[in-house]
Participant: 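Okay, handing you the structure first.
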Amino acid sequence: MAAGTSSNVHLHDIPDVILSNIFSLETETRTRNAMSLVCLKWLLLERSTRKSLTLRGNIRNLFLLPTCFRAVTHLDLSFLSPWGYPLLDSFSNPLVLAQFLRHAFPSVVSLIAYVRNPLTLHLLASQWPNLQHVKLVRWHQLWPAAPVGSDLVPLFDHCPMLSSLDVSHFYCWTEDLPPVIQAYPSIATSLSHLNILKHDSSTDGFKSHQLLSITACCPNLRKLLATCIFNPRFIGFISDQTLLTLALNCPLLSLLHLADSTSMSNVRPNLIEDASISFATLGDVFSKLPLLEELVLDVCHNVKHTWPALELLNTKCPMLKSLRLGQFQGICRGIASPPDGVALCQGLESLSIKNCTDLTDKALIAISHGCHRLSKFEVLGCNQLTRKGMWEFTHNLRKTLVDVKISYCKNLNAVSSLQALEPIRDRIVKLHIDCVWASIIGEEKSLKNWSKLKYLSLWIAVGELLNPLSLSGLNGCPSLEEIQIKIEGDCRDQPKPFMDAFGLSSLTCYPNLTRMILDCSGVTGYALTAPVGHTDLSLWERFFLSGIQDSTLNELNYWTAQDVDVNQRCLFLPAAGLLAQCGSLRKLFIHGTANEHLMMFLLGNPTLRDVQLREDYYPAPDNDTITEMRVGSCCRFEDALNSSSRHVPD
Ligand SMILES: *[C@@H]1O[C@H](CO)[C@@H](O)[C@H](O)[C@H]1NC(C)=O
Ligand SMILES: *[C@@H]1O[C@H](CO)[C@@H](O)[C@H](O)[C@H]1NC(C)=O
Ligand SMILES: *[C@@H]1O[C@H](CO)[C@@H](O)[C@H](O)[C@H]1NC(C)=O
Ligand SMILES: *[C@@H]1O[C@H](CO)[C@@H](O)[C@H](O)[C@H]1NC(C)=O
Ligand SMILES: *[C@@H]1O[C@H](CO)[C@@H](O)[C@H](O)[C@H]1NC(C)=O
């Protein structure tokens, strides 16, 4: 083609089919929204190629339900407001509502929904008989009288094509699943993806016979994630024979993720017992799973002398890319060359090691030589590691490593962790460290440029301050967009905060920071009157949030602190006042409850346009009449938020 003609070619000369392909490659919602505003043709192209949609409005405003997204195949209904309320119950004829949803989104094959009661699932599942992927969400307790498994029956009844089921955020008993799976053998046979990992520490794990009866019915599973019991003192614990049978039941697994039920809790066990898993049988298990790409075994009980088994992992599972081991001992001896144990797994791109008490610097360095493709590395609870070993590790992997987490390692506090990361300072994108300041001796005055760092995650004990962060060597982060801060501890042990503010205002040194997850859910204190000499949670909350007014945050996810004795997690007056003054905030998600009059405070913030209360923790307040934020309050608040007297700048 002559060079000159190119200037005459307009984007619209591209055939529609190709243009449509180009559109479908864009997945970012905001970009798509912008594209749809260009012209009518682009609007139609955008709508016809939009595959996934999350609905966020209030279910009352059904007249606003968009009907132009007819190509959407992935629909998420789990964020509808009022959050957690039985979806279809606000209507006298819930079936009509369900049909209305089907007419608006006729192509759905993948659905996520908050299912408070079996009726919701019955009505939704019957609308889309071609559903292939379903994720159920529920943080509220079960209906006490419901028979075992009845929650899941409607789904299996209506959706014969189901191939992927995720109940990891769905509160139910472990007894509920096996009978349903057994009752629908043809669905069970075609299931390829089952996620029964429980994200809360209060529910039990699956017992050995339950796991085996499920996997025996599902021979074609490619992905299996489950919480189970590895403690050999418990009836039905998972032994190495269980693992072997599981591997024989599901030989096609590419992802196997088994975590002990205590792996989610913060409780420090007094005595770590040995799991009933021998390295010899473990090797046999690996040899039965040749397609493994991702393996997680977070056993929480010691598995000893594992290097010979891990060496087999390299030969028997050649596609393995990601490995996470919890409480595995002797994973690598690091005794000179040739490498041994996990260091032989040269295909690994992601490695996470938790509570490996005998992992030495030498072994760590051997791993960096052997696993030379690692881009992600996590180390938790490994107390023998030092800054020197970590430095050499990151130095050896400086061409690939971009995502690092260092946590609960005795010798690696904030300063030494950051010093150990020096070789990859200009490359690292994602980082977690613990804010343990113990040894800030000389302050790092010079500016350190972490030029690519986008996500920072921090752990900090309650009562500690955040300010030393920028002094410890993390002061220049021009690309930092998101920060996650987890505060943990019991403030009932402490009389009161010894300073006015935790230090959120120190985050103003990060110019591009727009999103924050402030997680105080691990903080316990007195919600009501505190005993003499102590401070209640409202003052602690003021301590945590002071300074947020100065931030440039756009989006905040805030998990409130809790009073375990009265099962209360709620927002207090000082927090409402401070959040109302945060002049750049557009989205605010409070993971807890709040009084209506405190929510109304937030209306004083002129930029806020999306606010939601989510009680996404166990157990979500059981009865909406006992939580402060009732359905009626929620609707009044949303109306006020959207009222014409507020002009939210775009
Ligand atoms: C195991 O690691 C966790 C952190 O992930 C820590 O809380 C726990 O105390 C560790 N246990 C032991 C025995 O080191
Ligand atoms: C940090 O590094 C980036 C990329 O190398 C560079 O563009 C930027 O100017 C540096 N910032 C400072 C303050 O040195
Ligand atoms: C800051 O954020 C904006 C928007 O996300 C991005 O386009 C820009 O590149 C970022 N700046 C730096 C230095 O990373
Ligand atoms: C839940 O609220 C209803 C309506 O006020 C009440 O009748 C019922 O007793 C409450 N249930 C519990 C468990 O508190
Ligand atoms: C929000 O306000 C606008 C204009 O006042 C109105 O057209 C729209 O229907 C309202 N939305 C809801 C969900 O009430």
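Numbering of ligands and ligand atoms starts at 1, following listing order. Atom set for the values below is all heavy atoms of this structure, side chains included, hydrogens, waters and symmetry mates excluded.
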Participant: Between Lys135 and Asp76, does at least one N-O distance fall below 4.0 Å, as a salt bridge requires?
Facilitator: no
Participant: Any idea which residues sit under 4.0 Å from ligand 3, heavy-atom distances?
Facilitator: Pro478, Ser479, Asn512
Participant: Mind checking side-chain hydrogen bond (donor to acceptor under 3.5 Å, both in side chains) for Thr54 and listing every partner two or more places apart, or none if nothing turns up?
Facilitator: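 By the side-chain hydrogen bond (donor to acceptor under 3.5 Å, both in side chains) rule, Thr54 matches no residue at all.
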Participant: Below 4.0 angstrom from a heavy atom of Leu447, which ligand 2 atoms are there? Numbered from 1 as shown, please.
Facilitator: 13 (C)
Participant: So if I apply the side chain to side chain donor-acceptor pair (under 3.5 Å) rule between Glu378 and each of Ser352, Ser350, Ser407, which one comes out positive?
Facilitator: Ser352
Participant: Could you walk me through whether Arg32 and Glu46 pass the salt bridge (charged side-chain N to carboxylate O under 4.0 Å, His left out) check?
Facilitator: CA-CA 7 Å; Arg32 295 200 68 113; Glu46 196 285 320; 2.6 Å; yes
Participant: Would you mind telling me if ligand 2 is within reach of the side chain of Asp426, the backbone, both or neither, using heavy atoms under 4.0 Å?
Facilitator: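 For Asp426, no heavy atom sits under 4.0 Å from ligand 2.
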Participant: Let's go through Glu294 and Lys223 carefully: what are the C-alpha distance in whole Å and the side-chain angles of both, what is the deciding distance for salt bridge (charged side-chain N to carboxylate O under 4.0 Å, His left out) to 0.1 Å, and is it a yes or a no?
Facilitator: CA-CA 9 Å; Glu294 207 178 328; Lys223 298 185 178 176; over 6 Å; no
Participant: Could you work out, with ring-ring contact (aromatic ring centres under 6.0 Å, His included) as the rule, every residue matching His372, not counting sequence neighbours?
Facilitator: none
Participant: Quick one: salt bridge (charged side-chain N to carboxylate O under 4.0 Å, His left out) pairs with a partner in residues 465-482, sequence neighbours left out?
Facilitator: Glu481-Arg515, Glu482-Arg515
